[in-house]
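Quantities reported herein were computed from a predicted structural model and do not represent experimental measurements.
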Protein chains: 2
Amino acid sequence: MAETSDGPSSEEWRPGQIPPDLDAVSLRMLDVLREDGRISIAALAQQVGISRANAYSRFEALRANGVIVRFTAQVDHVRSGLGVCALVFVTVRQQMWRQFRNQLALMPEVEYCAITTGQHDAMIQIRVPDVATVHHLVTHRLASIPAVKATETVFILDEVLRRPYVLPSDQRPLPQPSGAAPGTDPMPLGMTRFVRADAGRAGLSEL
Amino acid sequence: MAETSDGPSSEEWRPGQIPPDLDAVSLRMLDVLREDGRISIAALAQQVGISRANAYSRFEALRANGVIVRFTAQVDHVRSGLGVCALVFVTVRQQMWRQFRNQLALMPEVEYCAITTGQHDAMIQIRVPDVATVHHLVTHRLASIPAVKATETVFILDEVLRRPYVLPSDQRPLPQPSGAAPGTDPMPLGMTRFVRADAGRAGLSEL
DNA sequence: GTTGAAATTAGTACGAA
DNA sequence: TTCGTACTAATTTCAAC
């Protein structure tokens with residue numbers, strides 16, 4: 001359905017070859033498509049300055065390579081009746097991760113779930129019609145999952161920014177700070193290679 | 001944390017009339033469109049069991065009412081070259097919210113930003129090519145914003161679940177627990193009416 | 001809200017540069 | 001590879017029911 005990765009098996013993807021053939025033209029196509037996913041291929045070809053046939057083949061390549069996962073409609077949650085949003089930070093009982101993931105997949109009000117470093121193990125974002133449902137979901141539905149050891153909930157008061165999808169072409173060429181420059185470190189890790197710890201803490205006093 | 005909506009206010013939206021005309025058919029249309037945003041109106045009409053003309057008028061109404069914000073392409077971040085994702089929890093200096101928002105808008109690697117209750121004031125999600133860029137962004141770019149008082153960063157190790165967009169129709173009709181049932185509390189608050197506190201905490205021992 | 005036309009556009013299949 | 005063109009199929013629009 002909409003799951004990013006419900007298991008260890010990636011489809012046919014080896015994390016070595018990170019950008020398959022993402023040249024500037026294809027990146028511009030992605031840039032256009034993320035702002036208007038219903039644009040016709042003809043108009044897309046015109047906007048990026050290539051022929052229609054070329055646009056068709058690139059478009060299909062982007063889908064075949066898995067760079068474009070899907071096209072989707074972004075709906076206004078408040079206008080569609082789900083005006084309450086919250087984050088639930090979950091501590092997961094070790095060796096019960098699979099059960100945790102399976103249970104999450106059964107909860108349609110969960111919009112997003114990420115495994116994180118730091119104090120908690122996972123963060124889930126839920127979208128429900130009212131505050132009472134948040135309470136019910138956290139104290140009954142989540143609590144009934146054995147894999148869930150503890151939770152901590154914060155409400156989202158306002159969503160300041162929601163970009164469709166960030167692209168590498170957005171990022172300005174970073175000025176080399178001094179030592180090891182950002183961008184010098186390709187590091188083809190598949191997002192599952194960090195050390196679990198309170199890493200990543202960066203108080204500004206550090207400066 | 002006081003005013004969350006110091007931005008250009010709401011467009012033409014009064015939070016009273018939450019569902020404008022979202023009947024079951026339009027909800028099914030949204031359900032289809034969020035899984036295939038490029039489907040033709042003809043095929044969409046067929047899937048939800050209405051005529052083409054009806055589908056066209058409903059489709060345009062959904063866009064005009066702002067229920068559908070945009071159509072977008074979901075890209076695989078790892079395949080597109082942004083394999084590192086992190087959450088940065090930010091403590092914002094009071095009365096500098098506007099500056100904070102303006103600065104965020106200038107940072108293309110910020111995919112999402114939400115104002116939250118709890119220990120911190122805001123959570124931002126960033127998407128960058130490598131770990132070094134996270135460090136640089138947090139300790140230099142974010143730190144140089146006067147509105148930012150402190151930050152705390154966690155890395156995202158894996159993204160378990162990412163639903164395109166949650167819809168009310170996904171939510172099962174909740175069984176009435178006992179007392180005040182969820183769903184009995186419409187509470188048309190515009191997402192800016194919660195009390196700042198450590199509210200929402202729900203230890204499972206509470207059960 | 002539905003059905004059935006015409007007008008437009010999308011998708012495909014070729015060569016040619 | 002990319003482009004340009006022609007051909008076929010599909011979609012959108014607009015009408016009447």
Side-chain angles (χ1 to χ4, degrees), chain A residues 12-14 16-76 79-81 164-165 167-169, chain B residues 17-76 79-81 164-165 167-169:
Chain A
E12 75 290 42
W13 172 250
R14 301 166 302 284
Q17 35 140 207
I18 298 235
D21 55 323
L22 268 279
D23 59 353
V25 175
S26 291
L27 279 177
R28 289 203 54 210
M29 288 179 63
L30 288 179
D31 191 32
V32 173
L33 284 170
R34 104 191 126 151
E35 289 200 25
D36 181 7
R38 280 183 79 86
I39 193 174
S40 69
I41 306 296
L44 175 61
Q46 185 176 332
Q47 284 206 25
V48 303
I50 58 177
S51 69
R52 287 203 311 157
N54 193 358
Y56 272 107
S57 56
R58 286 173 177 270
F59 181 80
E60 304 229 354
L62 287 173
R63 302 206 68 167
N65 292 336
V67 178
I68 294 179
V69 180
R70 60 143 75 80
F71 290 92
T72 187
Q74 178 178 341
V75 322
D76 185 306
R79 285 175 168 82
S80 73
Y165 293 99
L167 289 179
S169 53
Chain B
Q17 35 140 207
I18 298 230
D21 55 323
L22 268 279
D23 58 354
V25 175
S26 291
L27 279 178
R28 289 204 54 209
M29 288 179 64
L30 289 179
D31 191 31
V32 173
L33 284 170
R34 102 192 128 151
E35 289 200 25
D36 182 8
R38 280 183 77 86
I39 193 175
S40 69
I41 306 297
L44 174 61
Q46 186 176 332
Q47 285 207 25
V48 303
I50 57 177
S51 67
R52 272 84 47 81
N54 193 358
Y56 274 103
S57 56
R58 285 172 178 271
F59 182 81
E60 305 227 354
L62 287 173
R63 304 206 69 169
N65 292 337
V67 178
I68 293 179
V69 179
R70 57 145 72 85
F71 290 93
T72 188
Q74 179 179 341
V75 323
D76 186 305
R79 284 175 169 85
S80 74
Y165 293 98
L167 290 178
S169 53

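- The interatomic distance linking A:Asn54 (CG) with C:dA17 (C1') rounds to 14 Å, in whole Å.
- Looking only at side-chain heavy atoms (C-beta outward), A:Ile50 and A:Met29 come within less than 4.5 Å of each other.
- Remark: C1' of C:dA10 and CZ of A:Phe59 are 12 Å apart, rounded to the nearest angstrom.
- Applying the side chain to side chain contact (heavy atoms under 4.5 Å, CB included) test between B:Thr72 and each of A:Leu33, A:Asp36, A:Thr72 identifies A:Thr72 as the sole match.
- Using a 4.5 Å cut-off on side-chain heavy atoms (C-beta onward), A:Ile41 and A:Glu60 make no contact.
- Whole-Å rounding puts the A:Arg58 CZ to C:dG11 P distance at 18 Å.
- Minimum atom distance to the side chain of A:Ser51 is reached by D:dC3, of the listed D:dC3, C:dT12, C:dG1.
- Here the closest non-hydrogen pair linking A:Asp76 and B:Gly66 is CB-O, 3.2 Å.
- Within 4.0 Å (heavy atoms only), A:Ala42 reaches sugar-phosphate atoms of the nucleic acid but no base atom.
- The side chain of B:Ala53 lies closest to C:dT3 when the candidates are D:dC3, C:dT3, C:dG11.
- Summarising the geometry, the separation between CD on A:Gln46 and P on C:dT9 is reported as 12 Å, rounded to the nearest angstrom.
- Separating the CD1 atom of A:Ile41 from the C1' atom of C:dA10 is a distance of 9 Å, rounded to the nearest angstrom.
- Contact check, B:Ser40 against D:dT11: a side-chain N or O comes under 4.0 Å of OP1 or OP2.
- Here A:Tyr56 does not reach the OP1 or OP2 of C:dT12: none of its side-chain N or O atoms lies under 4.0 Å away.
- Residue side chain A:Arg52 reaches the base of C:dG11 through a donor-acceptor N/O pair under 3.5 Å, judged by distance alone.
- Each of B:Glu60 and A:Ile50 was assigned the nucleotide of DNA chain D with the nearest heavy atom; the assignment lying further toward the 5' end belongs to A:Ile50.
- Between the CZ atom of B:Arg38 and the P atom of D:dT11 there is a distance of 13 Å, rounded to whole Å.
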